[in-house]
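In what follows, a structure is listed as structure tokens, so that the remarks can point back to it.
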Amino acid sequence: VLLYWGYRSKIYNFYILKNAEKSNGMSYEQFILFLAYLYSFYYSMLNRNNIFLGYRLFWGILMSELAIRPITKDDIASCLAIYNYEVVNGVATLDLEPRTLPEWQEWYEAHQTSEHCIFVGLMDNLVVGYASLSPYRTKDAFKSTVELSIYIHQEYRGKGLASKLMAHILDHAKETETLHTVVSVITAGNAASTVLHERFGFTYCGLTPQVGFKHGKYQDTETYALLV
């Protein structure tokens, strides 16, 4: 029944939307999210011991909306935890040692202008990700260029949150008259991040080989840029 309903009311509308933008169907991101939630729900229900957990998980995530707003001091610790998880477990950042709360308080204070800012994403009043625009270089000639960073809580990845944060912060950059270019430097091999940048119109500027050493291997970085 679930699969039939999904096919009739969601997948059908998606194909209409793809071929005719004036349709009332879902967006591409909503379509992908729907399939992911449906799969999670169906998979968890295969185990009868988790039937109620599956129900709560599916509807809890489905009904939650991502709220995006400027960061406050109360969000600093949550953003630090999200970042430090990637420091220890991933390569999205090439930091090797976790940052401290005093360091992240300085980071917060350094992002209190229209050009250099931080937006947090919340679901059920929990900070689940953030996006920031930071100085690209210290020389005055680079004032109109900022560097983009987006980090998502490890338990909320793959749900389209990065796309929503990206859209929000790029809209902000376009509305800020003093900004001209947004640069993003990502660690090579992150397919999801590559697709995200391409979808938002970033230009691929090249690869810097073996620029950092982390988790036992040299890491390459890739640079993207977008004129706003």
Sub-3.5 Å donor-acceptor pair from the side chain of [X] to the main-chain atoms of [Y], do we have one?
| X | Y | answer |
| --- | --- | --- |
| D75 | I71 | no |
| H215 | G90 | yes |
| E198 | V195 | no |
| N84 | V87 | no |
| E86 | V91 | yes |
| Q112 | Y108 | yes |

Compare every heavy atom of [Y] with every heavy atom of [X], then report the nearest pair and how far apart it is.
| X | Y | answer |
| --- | --- | --- |
| F200 | L170 | CD2-CD1, 3.8 Å |
| K159 | E155 | NZ-O, 3.8 Å |
| A173 | V228 | O-CG2, 4.0 Å |
| S134 | H116 | C-CD2, 3.7 Å |
| I150 | A131 | CG1-CB, 3.8 Å |
| L196 | A162 | CD2-CB, 4.0 Å |

Check: [Y] and [X] side chains under 4.5 Å, non-hydrogen atoms:
| X | Y | value |
| --- | --- | --- |
| T223 | S184 | no |
| Q219 | V211 | no |
| V146 | Y136 | no |
| T187 | L94 | yes |
| E177 | S114 | no |

Exercise. Is it true that atom CD of E97 has more than 12 heavy atoms of other residues, nucleotides or ligands lying nearer than 6.0 Å?
Worked result: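 Incorrect, the count does not exceed 12.
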
Linked, directly or transitively: [X] and [Y] (ILVMFWY side chains, under 4.5 Å):
| X | Y | answer |
| --- | --- | --- |
| V185 | Y151 | no |
| Y83 | L133 | no |
| V128 | I76 | no |
| L101 | I118 | yes |
| L207 | F202 | yes |

Go through the side-chain N and O atoms of [X] and [Y] and say whether any donor and acceptor fall under 3.5 Å apart.
| X | Y | value |
| --- | --- | --- |
| T203 | Y224 | no |
| S132 | H111 | no |
| T145 | H180 | no |

Exercise. Among V120, V127, L126, whose side chain to side chain contact (heavy atoms under 4.5 Å, CB included) with S78 holds?
Worked result: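 Only match with S78 under side chain to side chain contact (heavy atoms under 4.5 Å, CB included): V127.
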
Exercise. Can R69 and F119 be said to form a side-chain contact (heavy atoms from CB on, under 4.5 Å), step by step?
Worked result: CA-CA 5 Å; R69 60 163 172 74; F119 293 95; 5.9 Å; no

For this session: Mind checking the CG-CE spacing from L161 to M123? Nearest 0.5 Å is all I need.
Result: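 If I round to the nearest 0.5 Å, the distance is 6.0 Å.
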
For this session: State the CD1-OG1 distance between I169 and T176, to the nearest 0.5 angstrom.
Result: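 These two atoms lie 9.5 Å from each other.
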
Problem set entry | side-chain contact (heavy atoms from CB on, under 4.5 Å) between L165 and I68, intermediate numbers included | CA-CA 7 Å; L165 282 167; I68 300 176; 4.0 Å; yes

Problem set entry | side-chain contact (heavy atoms from CB on, under 4.5 Å) assessment of T100 paired with L80 | CA-CA 8 Å; T100 65; L80 176 61; 6.0 Å; no

Problem set entry | Any pair counted as salt bridge (charged side-chain N to carboxylate O under 4.0 Å, His left out), so long as it reaches residues 212-228, sequence neighbours left out |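 Non-adjacent pairs meeting salt bridge (charged side-chain N to carboxylate O under 4.0 Å, His left out): zero.
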
Problem set entry | Working for side-chain contact (heavy atoms from CB on, under 4.5 Å), residues V183 and L148 | CA-CA 6 Å; V183 173; L148 167 70; over 6 Å; no

For this session: Kindly say whether the aromatic ring centers of Y130 and W104 come within a distance under 6.0 Å.
Result: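 Aromatic pair excluded; centres sit 6.0 Å or further apart.
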
For this session: Only counting residues at least two apart or in another chain, list the ones meeting salt bridge (Lys or Arg N to Asp or Glu O under 4.0 Å) with D95.
Result: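 Residues passing salt bridge (Lys or Arg N to Asp or Glu O under 4.0 Å) with D95: R99.
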
